[in-house]
Number of protein chains: 2
Amino acid sequence: MKPEPEVILFPKHARRPQQFKAWLSAILQMFQEHLGRQGLKLTRQREEILRCLMAAERHLGIDELYLVLKKQDPSIGRATIFRTIKLLQECGLVAEVGTANGRSKFELKADRPHHDHMICIECSRIIEFQSPMMERFQDGAIRRHGFVALWHRHEIFGRCRDCLKHPSSEEDTKFRVGQADQATGG
Amino acid sequence: MKPEPEVILFPKHARRPQQFKAWLSAILQMFQEHLGRQGLKLTRQREEILRCLMAAERHLGIDELYLVLKKQDPSIGRATIFRTIKLLQECGLVAEVGTANGRSKFELKADRPHHDHMICIECSRIIEFQSPMMERFQDGAIRRHGFVALWHRHEIFGRCRDCLKHPSSEEDTKFRVGQADQATGG
DNA sequence: CATTCAAATGAGATCGAGTCTCATTATCAG
DNA sequence: CTGATAATGAGACTCGATCTCATTTGAATG
Ligand SMILES: [Mn+2]
Ligand SMILES: [Mn+2]
Ligand SMILES: [Zn+2]
Ligand SMILES: [Zn+2]
C-alpha cells in the first residue's frame, strides 16, 4: 500500500508573531466578507473568538473557549460563543469534532487539509488522520448513490496507543463500552 | 474499480411468520445470555423493544418506538426504552444512527453487514451504503496510529437523488423534522 | 407451586447543552 | 457625526436524556 500522510499538526504560527498577524488579518477579512454578504457585522467578540481558535494548537470545547476568552473580556457571554461558532461553521472556517461525552469540540478548518478523527475514550485525546484513498472510495459510494454530500462526520472511537500501554489509567471511567465485537465495531 | 455492494435492505422476515419467530427467539436468546452474564434479567418490555426493532424495516427513533410500543402496552415508559436501547447497543445488537436534527435513530445490527449512512437533510431519508475498500483503508489508518477502535460513526450529510430532481419548491427550512419520514417510500 | 430478593419498572424530578428573549450596546454606511 | 439595525449578555427556557424512588417483576431455589 502507498504511504499515506501521517499527522496533521495545528498551525504553529503563534510563535511567529508577524506571520500570525498576517494570517489572522487574512482570515478575518474572509470572515468579514462573508458576514457583509449577509448584512452582518464583525464585532470585537467575533474577532476574539476567531483569533482564539486560530491561536489554539488543539481542539477546543465551548467551555474552554469561554474560560480563555473570559480572561481578556470578563463580560463575554456563552450565547455569543455559541452564535459565533455557528457562523464560523456556516462559512466553512471552523469544523465541529464529536467526543464520546457529547460535548463537541471545534477546530479551525481554514488552511488545513481535510482529515478525520480518532477519539480516545480513556484520555479524550483526539488523533487526526488523513487517508486520501479512503476519501476516494467514500466519494465513489456517494456518486454511485446519486447523492450530493455537503459535509460528513467520520469519527472512530477507541483507545489510543498510550492508553493501551498504561493499563492502570483510572481517570475517565465514564465511558463504559460493551465489547469489541469487530475490528471497527459498528 | 471493483464493484462494491449496492444497497442493504432491512430484513423482510416480518412477512414470513415462522421464519421471523425462529429468528426472534434466536436473537432473544443471545440477548438473554448477554444479560445473564451480568446478572440482569430479560423482561417483557425488553423483549418487546427488541421485537419491534427486529420487525422494523427502517430506522426508528425513540419516540417512534415509544408510540408503537404504547399501542400494545400503554404503561410502558420512555425511560425503559432509553435504558433498553443502551443495553442493546452495549451487546452489539443495535446501532445508533445520527440525524441532522440531533434525534438519533436506531437499527438492528444482528445478521446485517456493516455499513455506513448518507442522510438527506431535505427529506431525512437514510441511505445505507457499503464500501469494503473504504473500510480497508480506514483500518489501515487505525493500525498506523496504534489505535484500537471500538466503534465508529461515518455519516455523510447532503441531498439525496430524489430531492435533487425535485425543483426545491420548499425553502431551506432548518431541518426541524417533527417525524416527517414515512415508510421510506421509494 | 411459594418464597425470596436483586433487578427492573414508570412517573416524575432533575440535568444540562443549546437556544431564545429582551433591554441595552455596538457597528458601520451615509 | 447620526441613524438604522445588528449584536450583546443575563438569564429564562427547551427538550432529550438521565436519575430517583416506591413498587413490581424475574428467576433461582427448594
Ligand atoms: Mn482535527
Ligand atoms: Mn443502517
Ligand atoms: Zn488515550
Ligand atoms: Zn432527500
Side-chain angles (χ1 to χ4, degrees), chain A residues 28-29 31-50 60-67 69-91 94 96-106 173-176, chain B residues 28-29 31-50 60-67 69-70 72-91 94 96-106 173-179:
Chain A
L28 268 177
Q29 196 178 332
F31 189 28
Q32 186 159 30
E33 275 163 19
H34 183 86
L35 291 170
R37 238 170 277 134
Q38 302 177 239
L40 310 180
K41 295 165 182 173
L42 180 62
T43 63
R44 194 186 76 248
Q45 292 89 338
R46 285 175 180 172
E47 208 171 313
E48 279 311 311
I49 290 165
L50 179 53
L60 295 176
I62 294 288
D63 284 354
E64 291 169 295
L65 223 30
Y66 179 64
L67 290 176
L69 290 162
K70 199 144 204 192
K71 284 175 187 168
Q72 305 187 352
D73 176 2
S75 78
I76 198 164
R78 277 190 163 79
T80 299
I81 296 176
F82 277 107
R83 289 186 282 232
T84 301
I85 286 281
K86 189 178 260 185
L87 279 173
L88 288 166
Q89 283 180 267
E90 281 166 16
C91 71
V94 160
E96 182 174 5
V97 181
T99 66
N101 67 27
R103 299 183 190 183
S104 292
K105 304 215 165 196
F106 300 88
T173 49
K174 290 185 247 178
F175 313 123
R176 195 73 50 83
Chain B
L28 269 177
Q29 197 178 332
F31 189 28
Q32 185 160 30
E33 274 163 20
H34 188 269
L35 291 170
R37 238 172 276 134
Q38 302 177 238
L40 309 180
K41 295 165 183 174
L42 180 62
T43 63
R44 196 186 73 248
Q45 292 90 337
R46 285 174 181 174
E47 208 172 312
E48 281 311 311
I49 291 166
L50 180 51
L60 297 176
I62 294 287
D63 284 353
E64 291 169 294
L65 221 32
Y66 179 64
L67 291 175
L69 291 161
K70 200 146 203 194
Q72 306 187 351
D73 176 1
S75 79
I76 199 166
R78 277 190 163 78
T80 299
I81 296 177
F82 278 107
R83 289 186 283 231
T84 301
I85 286 281
K86 189 178 260 186
L87 279 173
L88 288 165
Q89 284 181 265
E90 281 167 14
C91 71
V94 161
E96 183 173 4
V97 181
T99 68
N101 68 26
R103 298 185 189 182
S104 293
K105 303 215 167 199
F106 300 89
T173 39
K174 282 290 177 185
F175 1 102
R176 189 54 60 103
V177 182
Q179 49 112 359

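Just so it is clear: chains get the letters A, B, ... in the order the sequence lines come, proteins before strands, and each one is counted from 1.
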> Does the C:dA26 base have a donor-acceptor partner in the side chain of A:K41 within less than 3.5 Å?
Replying inline: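 Per atom types, no contact qualifies.
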Can you check the [X] [atom1] to [N] [atom2] distance for me, whole Å?
X: A:R83; N: D:dA6; atom1: CZ; atom2: C1'; value: 11 Å
X: A:L42; N: D:dA7; atom1: CG; atom2: P; value: 10 Å
X: B:Q45; N: C:dT9; atom1: CD; atom2: P; value: 5 Å
X: A:R78; N: C:dA17; atom1: CZ; atom2: P; value: 8 Å
X: B:F82; N: C:dA11; atom1: CZ; atom2: C1'; value: 15 Å
X: B:Q89; N: D:dA17; atom1: CD; atom2: C1'; value: 13 Å
X: A:Y66; N: D:dG11; atom1: OH; atom2: P; value: 10 Å
X: A:D73; N: C:dA26; atom1: CG; atom2: P; value: 11 Å

Using every non-hydrogen atom in the two residues, find where [X] and [Y] come nearest and quote the distance to one decimal.
X: A:L35; Y: A:R46; result: CD2-NH1, 4.0 Å
X: B:H34; Y: B:E90; result: NE2-O, 4.4 Å
X: A:C91; Y: A:F31; result: SG-CD1, 4.0 Å

> Start at the 5' end of DNA chain D and walk down; is the nucleotide closest to A:L35 or to B:A79 reached first?
Replying inline: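 Its nearest nucleotide lies further toward 5', so the answer is A:L35.
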Look at [X] and [N] and indicate whether a side-chain polar atom (N or O) is within less than 4.0 Å of OP1 or OP2.
X: B:Q32; N: D:dG26; answer: no
X: A:R46; N: D:dA7; answer: yes
X: A:S104; N: C:dA17; answer: no
X: B:T43; N: C:dA7; answer: no

> Under 4.0 angstrom, heavy atoms only, what part of the nucleic acid is A:G39 near: base, sugar-phosphate, or nothing?
Replying inline: sugar-phosphate
> Are A:Q45 and A:T80 linked by a side-chain donor-acceptor pair shorter than 3.5 Å?
Replying inline: no
> Would you say B:R103's side chain and B:I62's backbone share a donor-acceptor pair under 3.5 angstrom?
Replying inline: no
> Picking from C:dG18, C:dA7, C:dT19, which would you name as closest to the side chain of B:L40?
Replying inline: C:dA7
